Amino acid sequence: MRTAIWLYLFMFVAFFDLHAQYPILSPFALSLGAAPSFIGLIMGVYSLTHLPGNLIAGYGVDKYGSKIFIVCSLIVAGIILLFQSNVKDPWHLLYIRSISGFVLAFLSPACLSLLARIARDRIQQSKLMAGNGLVHTLASVVSPAAGAVLVAKIGFTTAFSVLGWILIITGFLAIFGVKEKQLLAHQGKQKGSTAILDAHGHHVSTEDLHEGSNDVNIPWLFFLIPMALSCSQGILFFELPLMKSARDSILTSGVFFTLVSLGALLSISFWFLNKISPFLRTIVGSIGLAAVFFGLAIQWPIPLAVSLFLIGMAKGVIYPALAALLASITNSARYGRVFSLLSISYSVGAFIGPMMAGQLRDHISSYFIAFFILMLALSLLPLRTFKSPLITS
């Protein structure tokens, strides 16, 4: 469990730095003279450059392990933020964000792969993924407001420098905190020696768990779900800082993002959800998220603060469910590749979302775009081709 705690720390810091920039990146780009459409490109290119990094990470983690990618990703990303603190031109900001997207693409597949490997059984695997979601949510609760306060107190330049140094220091801590070789050696001794129960009371062995006896060929259309989820989130994160109330006060923008995170924190705190099929959690959560975006598009009477909280609750259900689902049906030798596919799906969606919102927001509600993409992904999900482990594991 000590390894899991270290991994949670690294992901907390990385997510903290990332989410701290959400309420301040758009105002920072505006201060450099960027147009709203160009801001959408700046936000989207970060996710676009995730793609090559995710592809490399998928095979690299399976071949070389997670530690080297965790350490290098944190340190290099921190150095890039130091350069970002001195940006004076929108195009320079675009270049910096593109490099940052590539570098941080290695972190999530590496951490998720290692978390999946250290689990003793399916239930613990699900709990570890829920713990990852909890860490992600805790970081996103405090970081938007923290980022806004930092900028209000010390300005953009110093704020980016502080965030950069936090990443660099955490990267050096990872050198000593992750004991990957000892962990894998310990697992090798245990393999096949213990009988355990999965989430449904069936007997499986640790060998089954880590060698993937329930290895399932996942339909490619399934990855439209995380892609649509990330796309809708990208649209939301693009729109919120550009609202009139948020542009009048950067602190208001930070509060908006915090409300989303508080909703996710509430959902993740419901530990009993781990006993429900992750497939069903994914579907139900996606439908609920689409419903809230539709409500925002038609300007329903529910206050914005409540809507943002509901969006967060839906995210708190979906994100851990997706990770737990993939971990439960995948051979441990393919964890890196599968989680890189998940990250690629998130990256593509996060690129498409702000880009579409930036180009179409004058013609159609950005929130309706988010609703449409989510429902399209759900309607294209090939349910009949799914094997039973995908639904029941």
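Note that the structure is a prediction, hence the values are computed from the model and not measured.
- Here CD1 of I235 is found 8.5 Å from CG of L374. Values are rounded to the nearest 0.5 Å.
- To the nearest 0.5 Å, atom CD1 of residue I96 and atom CG of residue L93 are 8.0 Å apart.
- Here the side chains of L32 and D89 are not in contact, with every heavy-atom distance at 4.5 Å or above.
- S286 pairs in a side chain to side chain contact (heavy atoms under 4.5 Å, CB included) with only one of the listed residues (I318, L229, V317), which is I318.
- Proximity of a side-chain donor or acceptor of K315 to a complementary backbone N or O of V260 within less than 3.5 Å is not detected.
- Here the side chains of L236 and L308 are in contact, with some heavy-atom distance below 4.5 Å.
- By the 4.5 Å heavy-atom criterion applied to side chains, L262 and L266 are not counted as neighbours.
- L9 and V71 fall within the same hydrophobic cluster, where Ile, Leu, Val, Met, Phe, Trp and Tyr residues are linked whenever their side-chain heavy atoms come under 4.5 Å apart, directly or through other members.
- Side-chain contact between F102 and P52 is present, with heavy atoms from C-beta onward closer than 4.5 Å.
- Taking the six-membered ring where the residue is Trp, the centroids of Y346 and Y319 are separated by under 6.0 Å.
- Annotation: Y64 is not in aromatic contact with F69 [ring centroid separation under 6.0 Å not met].
- Looking only at side-chain heavy atoms (C-beta outward), S100 and V103 stay at 4.5 Å or farther from each other.
- Counting only distance, with no hydrogens or angles, the side chain of S230 and the backbone of P226 share no donor-acceptor pair below 3.5 Å.
- There is a path of hydrophobic side-chain contacts, each under 4.5 Å, that joins F156 to Y95.
- Between A314 and G285 the shortest heavy-atom distance is CB-O, 3.7 Å.
- Around CZ of F38, the count of heavy atoms belonging to other residues, nucleotides or ligands within 6.0 Å exceeds 12.
- Proximity of a side-chain donor or acceptor of S66 to a complementary backbone N or O of C111 within less than 3.5 Å is not detected.
- Taking the six-membered ring for Trp and the full ring otherwise, F176 and F172 have centroids separated by 6.0 Å or more.
- H92 is not listed as a side-chain neighbour of Q84, based on a closest heavy-atom distance of 4.5 Å or more.
- Closest heavy-atom contact between L74 and G171: CB-CA, 3.6 Å.
- Under the 30°/60° scheme for interplanar angles, the aromatic rings of F368 and F371 are found to be tilted.
- Note on V135 and I166: same hydrophobic cluster, where clusters join Ile, Leu, Val, Met, Phe, Trp and Tyr whose side-chain heavy atoms are under 4.5 Å apart, directly or indirectly.
- Distance check: L289 CG to L378 CG gives 9.5 Å after rounding to the nearest 0.5 Å.
- Of all non-hydrogen atoms in I42 and P90, the two that sit nearest each other are CD1-O, 4.1 Å.
- Side-chain atoms of S345 do not come within 3.5 Å of backbone N or O of M227 as any donor-acceptor pair.
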Notebook entry, point to check: Where do F83 and F160 land on the ring pair (Phe, Tyr, Trp, His ring centres under 6.0 Å) test, with the steps shown first?
Noted result: CA-CA 9 Å; F83 282 102; F160 287 131; over 10 Å; no

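- Contact record, L82 with S161: CD2-O, 3.5 Å, taken as the closest heavy-atom pair.
- Atom CD1 in I70 sits 12.5 Å away from atom OG1 in T170 (nearest 0.5 Å).
- At least one side-chain heavy atom of F222 sits less than 4.5 Å from a side-chain heavy atom of L325.
- You'll find the side chain of V162 reaches within 4.5 Å of the side chain of I154, heavy atoms only.
- Remark: the backbone N or O of A110 is not paired with any side-chain donor or acceptor of S113 at under 3.5 angstrom.
- Note: S31 OG to K88 NZ = 9.5 Å, rounded to the nearest 0.5 Å.
- Counting all heavy atoms, side chain and backbone alike, L104 lies closest to S73 at CA-OG, 3.5 Å.
- Environment of CH2 in W165: sparse, with no more than 12 heavy atoms of neighbouring residues, nucleotides or ligands closer than 6.0 Å.
- Following chains of ILVMFWY side-chain contacts shorter than 4.5 Å, one can reach F372 starting from M356, so the two form part of one hydrophobic cluster.
- Across all their heavy atoms, Y367 and A297 have their closest contact at CB-N, 3.9 Å.
- Residue I369 is grouped with residue M375 when hydrophobic side chains (ILVMFWY) are merged at heavy-atom distances under 4.5 angstrom, including chains of intermediate members.
- With rounding to the nearest 0.5 Å, the separation of CG in L296 from CD1 in I302 is 9.0 Å.
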